[in-house]
Amino acid sequence: MNRIDAKWKALREAGRKGFVAFLTAGDPDIKQSEADIRLALDNGVDILELGVPFSDPTADGPVIQAASLRALESGMNLEQVLDLVRRIRQDYDQPIVLFGYVNLFFRYGYERLARDAAAAGVDGILVVDLPYEERGEIAAALAAHGLHRIALAAPTTSKERLGMILSDAAGFVYYIMVTGVTGARQSVREDLQERLAVLHAVTDLPIAVGFGVTNGEQAAAVAASADAVVVGSALITAARAGRLGDLVQDIRGSIDRAVS
Amino acid sequence: MNRIDAKWKALREAGRKGFVAFLTAGDPDIKQSEADIRLALDNGVDILELGVPFSDPTADGPVIQAASLRALESGMNLEQVLDLVRRIRQDYDQPIVLFGYVNLFFRYGYERLARDAAAAGVDGILVVDLPYEERGEIAAALAAHGLHRIALAAPTTSKERLGMILSDAAGFVYYIMVTGVTGARQSVREDLQERLAVLHAVTDLPIAVGFGVTNGEQAAAVAASADAVVVGSALITAARAGRLGDLVQDIRGSIDRAVS
Amino acid sequence: MDANQSGHFGDFGGRYVAETLMPVLTEIDKAYAEASNDPAFQAEFADLLEHYVGRPSPLYFAKRLTEAWGGARIYLKREDLNHTGAHKINNTIGQALLARRMGRRKLMAETGAGQHGVATATAAALFGMECKVYMGAEDIVRQAPNVRRMELLGAQVHSVESGTRTLKDAMSEALRAWVAEVEDTFYVIGSAAGPHPYPTMVRDFQRMVGDESRRQFLGISGGRLPDVVLACVGGGSNAAGMFAAFEQDTDVKLIGVEAAGYGISTGKHAASIAGGQIGILHGSKSYVLQSEEGQIQNAHSVSAGLDYPGVGPEHAFWAQTGRVAYHAVTDEEALEAFFTVTRLEGIIPALESAHAVAEAQKLAQEYGADKSIVINLSGRGDKDMETVLRIMKERHESH
Amino acid sequence: MDANQSGHFGDFGGRYVAETLMPVLTEIDKAYAEASNDPAFQAEFADLLEHYVGRPSPLYFAKRLTEAWGGARIYLKREDLNHTGAHKINNTIGQALLARRMGRRKLMAETGAGQHGVATATAAALFGMECKVYMGAEDIVRQAPNVRRMELLGAQVHSVESGTRTLKDAMSEALRAWVAEVEDTFYVIGSAAGPHPYPTMVRDFQRMVGDESRRQFLGISGGRLPDVVLACVGGGSNAAGMFAAFEQDTDVKLIGVEAAGYGISTGKHAASIAGGQIGILHGSKSYVLQSEEGQIQNAHSVSAGLDYPGVGPEHAFWAQTGRVAYHAVTDEEALEAFFTVTRLEGIIPALESAHAVAEAQKLAQEYGADKSIVINLSGRGDKDMETVLRIMKERHESH
Ligand SMILES: Cc1ncc(COP(=O)(O)O)c(C=O)c1O
Ligand SMILES: Cc1ncc(COP(=O)(O)O)c(C=O)c1O
């Protein structure tokens with residue numbers, strides 16, 4: 001069983017909600033990045049979403065843009081991201097999802113990517129700018145190597161379209177809570193529950209909700225209706241300020257309290 | 001007999017060539033201007049050409065433009081030019097020709113101008129921007145008051161045209177030696193004699209040659225073929241440098257030596 | 001009407017220049033008369049207007065101006081779309097063709113807004129001629145982009161430091177320079193001013209503006225003529241070209257719009273007809289801003305192309321006969337109109353043209369929606385952006 | 001050829017965007033398909049092109065360029081005469097009409113040279129819409145006059161400080177901003193790039209450039225077609241509009257001219273086809289300047305409008321099939337051509353367009369006087385004068 005599926009099963013059985021942490025691989029350099037990841041995984045993160053740094057991250061806000069830039073300047077590339085996964089995988093069994101832009105994967109080669117990623121211990125891949133219509137590019141290669149292709153759903157996605165794009169999705173659905181790029185927001189959208197109800201009506205997959213979650217309080221609000229909470233920019237900001245462990249614990253606790 | 005005609009008669013009888021001096025009335029102020037005029041007339045000038053200062057002297061080079069500006073700034077106007085003539089006329093009998101731009105005369109009124117100018121002691125008027133074709137504007141008024149309308153001829157004027165424009169000219173012909181505005185030039189044009197021969201063929205009027213004569217040497221060269229030499233910018237420059245008397249004497253002497 | 005043989009429109013016009021220039025004016029007069037009747041000349045001119053200048057320029061129904069003003073239907077004659085951005089090019093192509101026909105290989109011009117200078121430099125480049133442009137030092141600052149354009153086009157720009165250092169002095173200096181180079185140089189005058197035959201020639205070389213507008217309007221309206229035709233008046237070339245075509249259509253009201261600067265009563269304006277007197281400037285008799293004694297006075301307008309104390313003689317004639325009404329619009333009103341056209345129609349007009357727009361706005365409401373007003377949008381305002389922004393900034397700072 | 005239903009031209013094109021944008025792209029695709037078949041939409045577009053933009057633009061026989069190069073006859077398609085000075089306005093009017101049809105009252109755009117930004121701001125003013133333009137901080141300096149124009153037209157110009165601070169980053173930033181405002185804002189993309197249906201839509205909205213040229217040339221030549229048609233290629237909109245009309249005329253050689261900057265071998269260029277590899281940028285698959293690993297590389301061109309590391313997918317397709325040949329021209333050659341056209345024809349070309357001219361000059365001599373070359377003069381160079389003069393000054397000083 002794919003580690004992702006196993007994780008959801010375990011969470012469900014324990015009656016808990018998931019905590020998905022996004023960190024940019026190689027930010028600010030490979031060594032510190034690895035330390036940050038270990039710190040996050042040690043403090044209760046359920047699923048690691050590892051950003052592959054790209055020169056032109058058009059779906060990302062300023063925090064992740066800056067993280068990508070730092071990572072690129074420290075010399076990070078996709079091969080090294082996979083090396084990093086390999087090292088993490090030796091000590092952790094949380095699922096790891098690569099999060100990246102299609103051009104890097106295209107240039108690396110989809111078949112080669114799927115093979116190398118699976119071998120390194122990756123469990124799923126989320127290609128932020130590869131929508132359902134273009135999934136043919138990569139879907140077969142991922143499936144052949146047992147990797148989940150994680151689908152994105154957005155507030156702009158109609159119910160009809162949701163049915164279509166989730167028809168062959170796997171692992172979980174990443175629901176983008178805001179219309180906007182990644183980055184911290186002031187509050188959680190009020191109609192989240194209704195939105196998720198629509199999603200639940202068309203898919204049995206667990207739903208992770210992200211884009212904009214900043215702190216424990218918001219995480220708790222999201223966890224009230226989602227299967228998991230994704231936090232990214234806020235973690236990166238905390239990591240660079242030396243507060244990563246604290247924030248991870250805060251969010252973990254808030255999520256757990258929200259459902260107890 | 002008009003003082004101009006009398007002057008030519010006298011010069012001819014004496015076997016001399018004429019010296020026409022141009023000075024801007026009111027430059028740099030009325031008092032100094034009157035002093036300059038008297039100095040020039042005292043030192044052998046035969047005919048005074050008195051420039052009426054105009055704001056936009058399109059036929060004048062930098063020296064006379066500046067002189068006009070100084071005169072205007074000192075408050076000079078056409079009435080005062082006539083007053084000045086009246087004062088000069090009390091002490092001198094050299095002919096005086098007003099030299100000016102048509103707009104000032106138009107605004108003053110041609111009939112009024114002819115009457116007042118004649119009364120003040122003016123003998124002729126040269127309207128620099130009133131060519132033969134437009135002379136109807138002013139000709140009758142001048143004639144009625146016994147003033148000569150002095151005609152301009154230029155190097156660009158064809159023989160045929162000369163015949164036309166000199167058909168009803170009086171006093172003398174002012175031949176513009178250069179194609180260009182007033183102001184000092186380096187040398188006298190080489191074909192002057194031929195040019196003047198053409199003029200002499202169509203008119204019996206005396207010919208005064210000007211535009212560009214700077215010093216005694218050039219004046220002598222011009223006097224060799226012309227009936228009179230006109231000097232303007234060079235006199236103004238000398239006047240402002242306190243050397244007016246010297247230059248007038250130099251030119252007078254040169255003209256006289258050229259024909260002796 | 002046409003000027004008579006000596007170049008007079010009634011009491012106005014003529015050739016008030018020094019004798020040195022008379023022969024060349026006669027030569028131009030003759031050559032122009034021949035060219036006018038030469039189908040080959042007219043065909044070459046028409047071909048360049050179509051393929052080089054981009055004529056006919058559209059007559060554009062300005063829906064949003066019409067709606068905003070809530071009255072007559074507003075049409076803009078889009079001279080701003082011509083090559084080099086104003087009506088000026090029509091005339092310089094015509095004169096350059098004439099110069100070539102007369103064997104002259106050098107052009108010279110005066111310029112205020114720089115549009116005529118650019119248009120002359122352009123024609124010179126097109127025909128492989130030399131070009132000198134006289135421009136007031138003040139205008140060189142006000143219209144910097146046009147100076148750069150002239151220089152890139154290979155023209156020599158002479159900064160004129162005398163007098164007010166604007167168009168009037170540029171023209172005086174150009175006349176002086178022409179006297180010295182008259183044998184090989186053709187002076188391309190940029191407006192319907194100057195000595196005969198320029199006012200006639202320039203009007204004729206701009207007449208297609210009116211002819212096209214008339215034809216285009218007849219086409220749009222199914223055979224009706226506009227009720228009012230407006231054009232700004234500096235020296236008067238764009239207006240003359242426009243009005244000439246409608247002169248005989250006595251039902252069409254023609255309005256020339258002069259620059260009232262800070263207001264006619266302040267004395268700081270450029271409205272020669274509304275605020276000047278008859279006089280003689282730069283070779284022709286017309287209305288002139290001048291003192292009682294006849295000294296030429298300084299004009300003032302925010303728009304360099306209107307900043308001139310004279311006006312073409314045919315306008316004086318039209319004013320006297322009443323065929324054309326002349327109104328004046330202040331700097332303030334023109335600036336307002338500049339923004340109105342920019343924001344509502346996405347067209348940045350020349351400040352000159354904005355004067356005509358401002359006057360149209362005043363009229364639009366007097367007329368019902370069944371009436372139509374045609375405004376000659378004589379040029380585009382790219383050249384004026386610095387000026388407008390500077391003024392906006394000064395206002396902002398003084399608040 | 002047309003893109004298939006999913007927006008692919010052979011291997012290229014597509015819609016590589018985040019899910020958030022997919023619904024709007026589908027909506028635009030559908031609305032555009034309907035509009036294309038709606039005679040009322042087409043009529044309104046045609047009317048604005050004629051009366052507002054000033055179309056058809058002339059096809060001008062450049063006699064002096066032809067003589068100077070001593071070979072094929074040279075024709076210039078005069079997109080420089082369009083309202084706002086370049087071909088860009090054709091497309092922005094089309095997209096703004098579509099936006100209005102879709103009920104959007106806000107426009108946004110990226111811009112490099114500023115021409116597309118000005119053209120979008122213009123369309124926004126014309127339709128009374130709001131407008132935001134994203135522009136690289138570097139380009140804001142290089143193309144200052146266009147920034148002023150956008151502001152006067154009422155647009156908000158956002159300075160983009162990320163990456164190379166040029167067009168690439170402006171487009172990335174615009175995509176980010178669009179995601180946040182997708183519900184009421186229409187993103188007006190300025191070139192034949194971006195996700196489907198933009199490459200198709202922009203090409204179609206520029207296709208009159210080629211259609212007119214074809215018709216005009218047939219008229220001039222008595223039924224023959226030109227031998228070569230050239231256009232510069234940044235994102236590829238002016239070239240796509242030109243080439244689409246000649247695609248089926250297989251005897252007509254089509255040449256796209258990319259910017260070789262300091263030279264392809266220096267790595268400092270903007271020639272995605274000549275010097276890039278297949279990749280995915282800003283929503284579509286095409287040729288892209290990138291590292292081996294797929295990081296997007298900085299482009300370099302003296303011309304801001306070509307300074308982009310990608311190219312529209314249809315060009316990639318044409319390059320692959322060989323229907324269009326793609327050549328590249330250096331900064332140096334383009335500057336030379338800029339002066340050549342200015343001095344010989346009195347037309348100051350955009351630096352972008354000067355690239356096409358430079359390539360034509362190389363070809364002209366290979367062809368005899370019985371052959372004809374049509375160059376798309378995509379825009380005027382007023383916006384580039386500062387850049388050109390700065391470079392001239394730097395050269396002068398370093399000598
Ligand atoms: C755009 C524009 N309109 C009008 C004028 C005024 O000239 P005229 O009255 O000769 O048309 C100018 C002069 O430069 C101009 O550039
Ligand atoms: C005048 C001009 N030509 C060409 C281009 C390049 O764009 P495209 O390749 O889309 O025609 C630009 C871009 O700004 C431009 O302004």
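The sequence lines fix the lettering, A, B, ..., with proteins before strands; numbering per chain opens at 1. Quantities reported herein were computed from a predicted structural model and do not represent experimental measurements.
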Cut-off 4.5 Å, heavy atoms of chain D, and the answer for A:A153 is backbone
For the residue pair A:Y110 and A:F106, categorise the inter-ring angle as parallel (less than 30°), tilted (30 to 60°) or perpendicular (more than 60°). tilted
The residue among A:V20, A:V229, A:L192 that forms side-chain contact (heavy atoms from CB on, under 4.5 Å) with A:V209 is A:L192
Problem set entry | is_close_aromatic(D:Y287, D:F12), centroid dist under 6.0 Å | yes
The interface call for D:S6 against chain A, heavy-atom contacts under 4.5 Å, is backbone
Under 4.5 Å to a heavy atom of chain D? For A:Y108 that would be neither
Max heavy-atom pairs within cutoff under 4.5 Å with chain A, candidates D:E292, D:E173, D:K168, goes to D:K168
- Query: Any side-chain heavy atom of A:L162 within less than 4.5 Å of one from A:T203?
  - Reply: no
Cut-off 4.5 Å, heavy atoms of chain D, and the answer for A:P57 is both
Turns out that what part of A:L72 lies under 4.5 Å from chain D's heavy atoms comes down to side chain
When the 4.5 angstrom heavy-atom criterion is applied to D:Q297 and chain A, the contacting part is neither
Aromatic rings A:F22 and A:F99: how do their planes relate, parallel, tilted or perpendicular, breaks at 30° and 60°? perpendicular
Turns out that what part of D:Q290 lies under 4.5 Å from chain A's heavy atoms comes down to side chain
Okay, A:I176 and chain D: the region with an atom under 4.5 Å from a heavy atom over there is side chain
Legend entry - Step-by-step side-chain hydrogen bond (donor to acceptor under 3.5 Å, both in side chains) determination, D:H282 to D:Y198: CA-CA 11 Å; D:H282 294 149; D:Y198 282 98; over 6 Å; no
Most contact-rich option vs chain D, by heavy-atom pairs under 4.5 angstrom, among A:L78, A:V181, A:I165, A:D56, is A:D56
In terms of side-chain geometry, is the basic nitrogen of D:R165 or D:E161 positioned less than 4.0 Å from the acidic oxygen of its partner?
-> yes
The residue among A:I150, A:V102, A:L104 that forms side-chain contact (heavy atoms from CB on, under 4.5 Å) with A:V127 is A:V102
Looking only at A:P155, A:P131, A:A154, A:S158, most heavy-atom pairs under 4.5 Å shared with chain D are made by A:P131
Under 4.5 Å to a heavy atom of chain D? For A:E137 that would be side chain
Looking only at A:V128, A:V178, A:L69, the option with the highest number of non-hydrogen pairs under 4.5 Å against chain D is A:V128
